[in-house]
2 protein chains.
Amino acid sequence: MITLAGNGSPRAGRPRRADARRNHEQLVEQARIAFAESGVDASLDEIARRAGVASGTLYRHFPTRLDLIEKVLAERIAELVDLGNRLLTAEDEFDALHTWLRAAVTHALTYRGLAAFVMNSALDRADDPVPTWHAEMFAVAAALLARARRSGTLVAGADDTDVLRMVNAIAWAAQDTPDSSAQADRLLALLVHGLRPRA
Amino acid sequence: MITLAGNGSPRAGRPRRADARRNHEQLVEQARIAFAESGVDASLDEIARRAGVASGTLYRHFPTRLDLIEKVLAERIAELVDLGNRLLTAEDEFDALHTWLRAAVTHALTYRGLAAFVMNSALDRADDPVPTWHAEMFAVAAALLARARRSGTLVAGADDTDVLRMVNAIAWAAQDTPDSSAQADRLLALLVHGLRPRA
DNA sequence: ACCTGAACACCGTTCAAGT
DNA sequence: ACCTGAACACCGTTCAAGT
């Protein structure tokens with residue numbers, strides 16, 4: 001027997017019952033607040049508490065912390081991907097890459113602990129269902145890198161993954177600094193300088 | 001009234017009682033094993049258990065996790081400082097720096113979580129009693145950087161702290177990778193390439 | 001279909017009581 | 001002088017019982 005209209009899994013779409021939908025929204029909303037306050041390692045128990053639900057309800061809506069983070073960041077990531085796509089037609093190929101890397105670092109600085117979380121949950125283990133947001137970000141980054149490489153403005157031997165790993169590492173290294181934005185810029189400058197080929 | 005012979009603090013030297021000295025040694029020994037197995041975030045409770053003491057005893061000997069890590073790594077750090085001092089008289093100023101940075105990354109890869117721990121406990125907050133090992137490492141690094149800078153083989157505008165922060169970030173980004181050593185080398189190559197001035 | 005909240009298995013840290 | 005181990009305050013995660 002084949003079920004046609006969805007399988008009972010709560011992740012296969014927004015909840016249909018009114019109270020469940022309200023809980024879902026409140027969880028995302030309170031997660032956003034908690035992440036901003038304490039970083040993406042914020043207590044899930046407290047997020048549930050603030051959303052006015054029991055802990056089990058949070059797990060029903062978002063089985064893993066990643067699911068919650070993903071939801072909270074979805075729009076920003078989409079913007080980052082859009083930016084990348086637009087930059088693919090920018091004049092200076094290296095500048096386009098530089099601009100996007102800057103935006104990527106800024107993104108990774110959105111919440112404390114985000115860079116570390118991304119590193120642990122995606123770049124290392126070959127997780128089967130790579131979160132789509134990651135896949136799209138990676139694709140855009142790869143396209144920008146490929147274009148710069150073709151134009152001869154990118155140093156040879158700079159692996160795509162390595163560059164993205166460095167971007168993540170830079171956000172991580174800057175995140176708890178007094179002026180994390182300026183700190184990240186300085187570290188990124190070091191990286192970008194190394195990405196230019198020698199004259 | 002002034003106490004002359006020590007102030008009763010357990011940290012003011014090795015324990016004098018035989019059982020305490022044995023416990024001290026066992027704690028360091030078991031910490032080394034636990035760190036190698038699970039990284040520097042290893043459970044302190046289990047370290048105590050393996051050392052055959054109660055948790056309170058561990059805290060008596062090592063009030064903070066940092067004290068334990070420091071003790072376990074003391075010798076390696078001393079070697080790293082020695083290496084740096086020797087490299088100060090090496091022929092090629094840039095190569096000397098490169099070699100030391102490589103050793104520093106390798107050091108930071110000794111135990112999982114070490115780079116993160118160092119970042120959180122030292123580079124950010126201006127901890128009053130900066131652990132001596134850090135101070136010495138920083139001094140050697142600064143000397144090597146200064147020498148390379150004087151010789152004109154180091155790019156202008158590379159801040160000492162920034163470079164060390166990047167070294168730490170590289171170790172962090174490589175630590176959970178299948179071949180962390182090779183991964184770290186590749187990332188370090190990117191950094192070092194950026195440290196050379198343009199011809 | 002969804003929610004509750006107790007239960008479980010872990011943490012780190014402190015401190016009164018012992019020897 | 002030093003050690004023990006219970007106590008406390010936190011975690012994340014699961015699941016039987018409810019509505």
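Lettering follows sequence order; numbering is per chain, from 1. Predicted, not measured: the structure shown is a model, and the values here were computed from it.
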Nearest whole Å is fine: how far is [N] [atom2] from [X] [atom1]?
| X | N | atom1 | atom2 | result |
| --- | --- | --- | --- | --- |
| A:R22 | C:dC2 | CZ | P | 13 Å |
| A:F62 | C:dC2 | CZ | P | 13 Å |
| B:R65 | C:dG12 | CZ | C1' | 8 Å |

Note: contacts of residues 42-49 of chain B with DNA chain C (heavy atom, under 4.0 Å) are B:A42, B:S43, B:L44, B:D45
4.5 Å side-chain heavy-atom contact, [X] and [Y]:
| X | Y | result |
| --- | --- | --- |
| A:V28 | A:F62 | yes |
| A:K71 | A:H24 | yes |
| B:T153 | B:L97 | no |

With A:R65 as the cation and A:F117 as the aromatic partner, state whether NZ or CZ is under 6.0 Å from the six-membered ring centre and within 45° of the axis. no
side-chain contact (heavy atoms from CB on, under 4.5 Å) partners of A:A115, counting only residues at least two apart: A:N168, A:A171, A:W172
Fill in the dot-bracket string of DNA chain D, one character per base: . for unpaired, | for a pair to another strand, ( ) or [ ] for pairs within the strand, taking Watson-Crick or G-U pairs under 3.5 Å. ||.|||||...|||||.||
So which protein N/O to nucleotides 3-6 of chain D N/O distances come out below 3.5 Å?
from: D:dC3; atom 1: OP1; to: B:N23; atom 2: ND2; distance (Å): 2.2
from: D:dC3; atom 1: OP2; to: B:H61; atom 2: NE2; distance (Å): 3.2
from: D:dT4; atom 1: OP2; to: B:A54; atom 2: N; distance (Å): 2.7
from: D:dT4; atom 1: OP2; to: B:T57; atom 2: OG1; distance (Å): 2.9
from: D:dG5; atom 1: O6; to: B:G56; atom 2: N; distance (Å): 3.4

Restricting to non-hydrogen atoms, name the atom on [X] and the atom on [Y] that form the minimum distance, rounded to 0.1 Å.
| X | Y | result |
| --- | --- | --- |
| A:A90 | A:R147 | O-NH2, 2.9 Å |
| A:V140 | A:G84 | CG1-CA, 3.3 Å |
| A:L27 | A:A48 | CD2-CA, 4.1 Å |

Not counting sequence neighbours, which residues clear salt bridge (Lys or Arg N to Asp or Glu O under 4.0 Å) with B:D160? List them please. B:R149
Sequence neighbours left out, cut at 3.5 Å: what donor-acceptor pairs do the side chains of residues 102-112 of chain B make with other protein atoms?
from: B:R102; atom 1: NH1; to: B:D185; atom 2: OD1; distance (Å): 3.4
from: B:T106; atom 1: OG1; to: B:R102; atom 2: O; distance (Å): 3.0
from: B:T110; atom 1: OG1; to: B:H107; atom 2: O; distance (Å): 2.4
from: B:R112; atom 1: NH2; to: B:E37; atom 2: O; distance (Å): 3.4

